[in-house]
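Below, each value reflects all heavy atoms present in this structure, side chains not excepted, and no hydrogens, waters or symmetry copies. If you're wondering where the values come from, they're calculated on a predicted model, not measured in any experiment.
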Amino acid sequence: MSSLFDIIFRSHKNKASSLFMTTQHDLEKDFVLSERLDTKQMREVWNNTSKPYKLGASVIIAGISALIDYTGVPYLSNDKKQDIKLIQKHFGVLANTVHRKCFTEGNFFIWVNWNDKIKDLEFILFNFENMWNPVFDIDTGELIEVSFKHNFHYNDKSGNHCTANRIMRFTDKEIITTYDGNRPQGMPIKSVKKHSNGRLPLVFVRYNRSLDEVYGHGYIEAAEPYIRGLSSIMENRLIEDKRSSRKKLKITAKNPESFLLNTASVNGLVNENGEQIRSLDIEDMDIIFCAISENNVAENAEWLKPDQTAQDSLQIGSHMIQCIKEVLGTPDWVYPAKLGASYASVSAQVPSWIHHIENIRTRELTNIWQQLYELCATILSNATGRRIVDTDVKWKRLDLETPELRAKIVNYMISSMKLARENLLMTDEEIRNYLDEYMNDLGAFASLESELPKMLENLKKKSDAIKGSDEEEPRDQSDRDRPSEGENLNNNELRDKTSE
């Protein structure tokens, strides 16, 4: 059965069909890599350097950029400890690159190495297409050993262009590097570096991988037919618009050649000897010559005016764009064209977007970052001799409220926690942890035990001052600026109690 894409572009099937080779879910084929995803092509789509996708890549680029921005940077608990701070610093630098490669390619490697010169961890990324002769566990699909093959070019001392190959093989005990071809002078054919990590010194990132698969999947793989379809539609529309906008000229003459010669002479395109010195510019117009016969009957030619198909193209293009957005799970308002939308107009889409980001974080990325932390901790401990404590990967709360709504919610929360503290329902530490998760900026307090009671006491004084003395007239409370149900605050009973 033909796909919808092939039906639409059946006249250009060879041009329009997918250039990506999809992964086979058969374990035997996966293990021997008879077919693999073209991750290099995916990077070209992301960088918009691949010609077949140039006019359609902007949608996937903007959508993945939004996913990266909203996903944010993971943070580690116990981040007060110096070693964890060091790892956290690297995570902050790596986050954008790791998330981008997850969303675009789906499969890549992170090699964590200890650099003795700078006394720090260093991270080296290997692309999926450089993987060579991997060894997997037949039951779990976990990576046991893997090699990476790179071709590199250089100029020798004589200026000659040389090519060589480097193969690096990683095991749980050593890293073996071999060179062949015209290797640089002084470079050994083979070198072996032992390590005591007890595991591979790299993390094989496989984003969006099912348990019955060996490899993961990026979003470009699923959206590729729609990106290519959109690009083809745009290209065809531009060609048609250029063709229909060209000037059209119909000429009837007995001798078209003499007509052209006379035209060239009048326009100064030939010299007095009849020699052509410049060409007649007909690039921007279409010309049909009609000759006159001996009996003075002129030939006739007319331009066919096909019906405009722009509206159909727009509808198909809009459908392709919507399909790309559905693959990514991104709402319309995260794209640049919709960034001016008010919060009220998009509030119905916010909960599903938050849920989507939280799923990406907890179900996919947390495990990747946890594996990376454990590897960093092992290598750092072996290099320094210090024991690195266990920690968890966490994420900052996704904040999508307006400043006004956020201020109302914070005011409501603090008033509620003030009452909870007075009634011994929450401790200072519990209040701080709750606010820290929500506001993300309370960690600047040098001493919570001294700062938080002062803050709550100031709030109490302000609250007492607002109530007024007994001699004052009762104030109208009907216009109190309290959060409503539409602002995700179900009731205000607790807040009302604070003013009794």
request  = Flag the pair E145 and R169 as a salt bridge only when some basic side-chain nitrogen lies within less than 4.0 angstrom of an acidic carboxylate oxygen.
outcome  = yes
inquiry  = Counting C-beta onward and ignoring hydrogens, is there a side-chain heavy-atom pair between I388 and Y373 closer than 4.5 Å?
reply    = yes
inquiry  = Less than 4.0 angstrom from a charged side-chain N to a carboxylate O is my criterion; do K54 and E44 meet it?
reply    = no
key: Heavy-atom side-chain proximity of F108 to T39 below 4.5 angstrom   = no
message = As an exercise, state the distance from CD1 of I357 to OH of Y70, rounded to the nearest 0.5 Å.
response = 8.5 Å
task = Quick one: closest heavy-atom pair of S147 and I167, and the distance?
result = CB-CG2, 4.2 Å
task = Taking the six-membered ring for Trp and the single ring otherwise, decide whether the centroids of Y207 and Y215 are under 6.0 Å apart.
result = no
K89/D120 salt bridge by N-O under 4.0 Å criterion = yes
ask   = What's the verdict on side-chain contact (heavy atoms from CB on, under 4.5 Å) for H217 and R209, showing C-alpha distance, side-chain angles and the deciding distance?
value = CA-CA 6 Å; H217 305 276; R209 171 199 171 212; 5.9 Å; no
inquiry  = Within the 4.5 Å heavy-atom criterion, are K149 and R166 side-chain neighbours or not?
reply    = no
message = Within the 4.5 Å heavy-atom criterion, are L76 and V393 side-chain neighbours or not?
response = yes
task = Take atom NE2 of H150 as the centre, draw a 6.0 Å sphere, and report whether it contains more than 12 heavy atoms from other residues, nucleotides or ligands.
result = yes
remark   = Nearest heavy-atom contact between C376 and V112 is SG-CG1, 4.1 Å
query = How long is the span from the CE atom in M320 to the OG atom in S232, to the nearest 0.5 Å?
reply = 8.5 Å
ask   = Is any side-chain heavy atom of F109 closer than 4.5 Å to a side-chain heavy atom of V203?
value = no
request  = Assess the side chains of K101 and N127: does a donor N or O sit below 3.5 Å from an acceptor N or O?
outcome  = yes
Min side-chain heavy-atom separation C102-V205 under 4.5 Å = yes
Any side-chain donor near an acceptor of the partner, D172 and N197, under 3.5 Å = no
inquiry  = Give me the atom names and distance for the closest heavy-atom approach of V214 to G141.
reply    = CG1-O, 4.5 Å
remark   = For Q371 and R199, the nearest pair of non-hydrogen atoms, with its separation, is O-NH1, 4.2 Å
query = Would Y75 and W395 count as a close aromatic pair, with their ring centres under 6.0 Å?
reply = no
Heavy-atom neighbours of D390 CG exceed 12 at 6.0 Å = no
ask   = Within a strict 4.5 Å, meaning less than it, do heavy atoms of the V135 and V146 side chains meet?
value = no
ask   = Where the side chain of N47 meets the backbone of R43, is there a donor-acceptor pair that is under 3.5 Å apart?
value = yes
request  = Measure across F152 and N165 and return the closest heavy-atom pair with its distance rounded to 0.1 Å.
outcome  = CE2-C, 4.1 Å
task = Using the six-membered ring wherever Trp is involved, compare the ring planes of F204 and F128 and label them parallel, tilted or perpendicular (cut-offs 30° and 60°).
result = parallel
task = Measure from the ring center of W111 to the ring center of F170 and say whether it is less than 6.0 Å.
result = yes
ask   = Roughly how far, to the nearest 0.5 Å, is the CG atom of L372 from the CG atom of L365?
value = 12.0 Å
task = Check the side chains of N113 and K193 for a donor-acceptor pair under 3.5 angstrom, ignoring hydrogens and angles.
result = yes
query = Between W369 and H99, does the ring centroid distance fall short of 6.0 Å?
reply = yes
task = Determine whether the aromatic ring centres of F103 and W46 lie less than 6.0 Å apart.
result = no
request  = Assess K325 against Y335: is NZ or CZ under 6.0 Å from the centre of the six-membered ring, and within 45 degrees of the ring's axis?
outcome  = yes
message = Strictly distance-based, threshold 3.5 Å: is any side-chain N or O of Q88 a donor or acceptor partner for the main-chain N or O of S77?
response = no
D332 CG to I321 CD1 distance, which is reported to the nearest 0.5 Å = 10.0 Å
R206 and its salt bridge (Lys or Arg N to Asp or Glu O under 4.0 Å) partner, picked from E142, E105, E364, E213 = E142
request  = Find out whether H195 and I175 are in side-chain contact, i.e. whether some heavy atom of one side chain is under 4.5 Å from a heavy atom of the other.
outcome  = yes
query = When rounded to the nearest 0.5 angstrom, what distance separates OH in Y226 from CD in E224?
reply = 10.5 Å
query = NZ/K173 to CG/L200 distance, rounded to the nearest 0.5 angstrom?
reply = 12.5 Å
ask   = Can you name the nearest heavy-atom pair linking G56 to S231, along with the distance?
value = N-CB, 3.7 Å
